[in-house]
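Hydrogens, waters and symmetry mates are skipped; everything else that's a heavy atom, side chains included, is used.
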Amino acid sequence: MIDRDGQPGVVDSTGAWLLVGNTCDLDRDLGSVRWTQVPPLLSFPTAEIESDELAALRGYQYSRRFYLPPWPGAPGDRQHVADLTCLVALHREALTKTTVIARLSRISWILLHCALVRFLARDDGRFDA
């Protein structure tokens, strides 16, 4: 959890996060909606990823990771994915101390929401024969 001062309660190393909270919540009064959700962005050297693994990431075949294509200013030799299994509650006051490095296009935003629904509604195997 990340507190209102932007300090992590659980420490793990990551350089960037993807804001997945509702944008309408960000426009609301802080007293109404104090928290939002962010998963960490994992960064991998492209040279260390097998071609079939990279194709699977780029094809959004995984339910627990959301692939982010390179954005302007992103290191060209790295691939980035949001780890949806590590969603963190972020106090919105911490957003005043952040830097936006990229924004999703409308199509990417729709794809992210599809990925979130798939992640949250994935089959856990309890009905397997």
Side-chain angles (χ1 to χ4, degrees):
M1 185 168 144
I2 298 176
D3 67 17
R4 70 176 57 200
D5 298 322
Q7 300 303 312
V10 177
V11 178
D12 198 357
S13 63
T14 186
W17 300 77
L18 177 67
L19 177 64
V20 297
N22 291 331
T23 54
C24 62
D25 287 344
L26 298 177
D27 287 335
R28 290 194 170 104
D29 177 72
L30 189 60
S32 302
V33 181
R34 293 184 297 168
W35 300 90
T36 191
Q37 299 78 38
V38 293
L41 290 186
L42 306 176
S43 179
F44 303 100
T46 303
E48 294 179 12
I49 303 175
E50 299 290 330
S51 61
D52 58 336
E53 178 76 11
L54 186 55
L57 285 170
R58 288 179 174 164
Y60 300 94
Q61 293 179 13
Y62 299 113
S63 65
R64 295 181 179 127
R65 292 189 169 178
F66 180 74
Y67 174 75
L68 290 152
W71 56 86
D77 61 340
R78 301 191 71 81
Q79 301 298 319
H80 297 86
V81 295
D83 186 347
L84 301 178
T85 65
C86 296
L87 281 171
V88 173
L90 175 76
H91 197 281
R92 286 185 37 222
E93 280 185 350
L95 293 175
T96 61
K97 302 172 186 173
T98 59
T99 302
V100 176
I101 59 173
R103 295 185 186 274
L104 295 174
S105 68
R106 181 167 174 78
I107 296 297
S108 297
W109 180 82
I110 291 168
L111 181 59
L112 171 63
H113 283 76
C114 292
L116 287 169
V117 168
R118 181 178 67 173
F119 169 69
L120 294 170
R122 71 188 184 280
D123 182 14
D124 63 3
R126 75 176 102 179
F127 300 115
D128 292 349

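- With contacts defined as side-chain heavy-atom distances shorter than 4.5 Å, the pair Leu26/Leu19 qualifies.
- Arg28 pairs by the side-chain hydrogen bond (donor to acceptor under 3.5 Å, both in side chains) definition with Asp25, not counting sequence neighbours.
- Both Leu18 and Leu120 belong to a single network of hydrophobic side chains, linked directly or stepwise wherever heavy atoms of I, L, V, M, F, W or Y lie under 4.5 Å apart.
- Remark: Gln61 engages Ala56 in a side-chain contact (heavy atoms from CB on, under 4.5 Å) (not counting sequence neighbours).
- Residues forming a side-chain contact (heavy atoms from CB on, under 4.5 Å) with Glu50 (at least two apart in sequence, or on another chain): Asp52, Glu53.
- Within 6.0 Å of the CZ atom in Arg34, the count of heavy atoms belonging to other residues, nucleotides or ligands does not exceed 12.
- Partners of Thr85 under the side-chain contact (heavy atoms from CB on, under 4.5 Å) rule, at least two apart in sequence or in another chain, are Arg64, Asp83, Phe119.
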Result block: side-chain N/O donor-acceptor pairs under 3.5 angstrom for residues 36-43, not counting sequence neighbours:
residue: Ser43; atom: OG; partner: Arg78; partner atom: NE; Å: 2.5
residue: Ser43; atom: OG; partner: Arg78; partner atom: NH2; Å: 3.4
residue: Ser43; atom: OG; partner: His80; partner atom: NE2; Å: 3.4

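- Taking both residues in full, the closest heavy atoms of Phe66 and Ala115 are given as CD1-CB, 3.7 Å, listed atom of the first, atom of the second, then distance.
- For the atom pair CH2 of Trp17 and CD1 of Ile101, the computed distance is 13.0 Å after rounding to the nearest 0.5 Å.
- Atom CG of Leu54 sits about 6.5 Å away from atom OG1 of Thr46, to the nearest 0.5 Å.
- Hydrophobic clustering, with ILVMFWY side chains joined whenever heavy atoms are under 4.5 angstrom apart, groups Leu112 together with Trp71.
- The distance from atom CG of Leu30 to atom NE2 of His91, rounded to the nearest 0.5 Å, is 5.5 Å.
- Residues forming a side-chain hydrogen bond (donor to acceptor under 3.5 Å, both in side chains) with Arg58 (at least two apart in sequence, or on another chain): Tyr67.
- The closest donor-acceptor contact from the side chain of Arg65 to the backbone of Leu57 lies at 3.5 Å or more, if one exists at all.
- With sequence neighbours left out, Ser108 forms a side-chain hydrogen bond (donor to acceptor under 3.5 Å, both in side chains) with Ser105.
- Not counting sequence neighbours, Tyr62 has no partner by the ring-ring contact (aromatic ring centres under 6.0 Å, His included) test.
- Counting only heavy atoms from C-beta outward, the side chains of Leu68 and Leu104 approach each other to under 4.5 Å.
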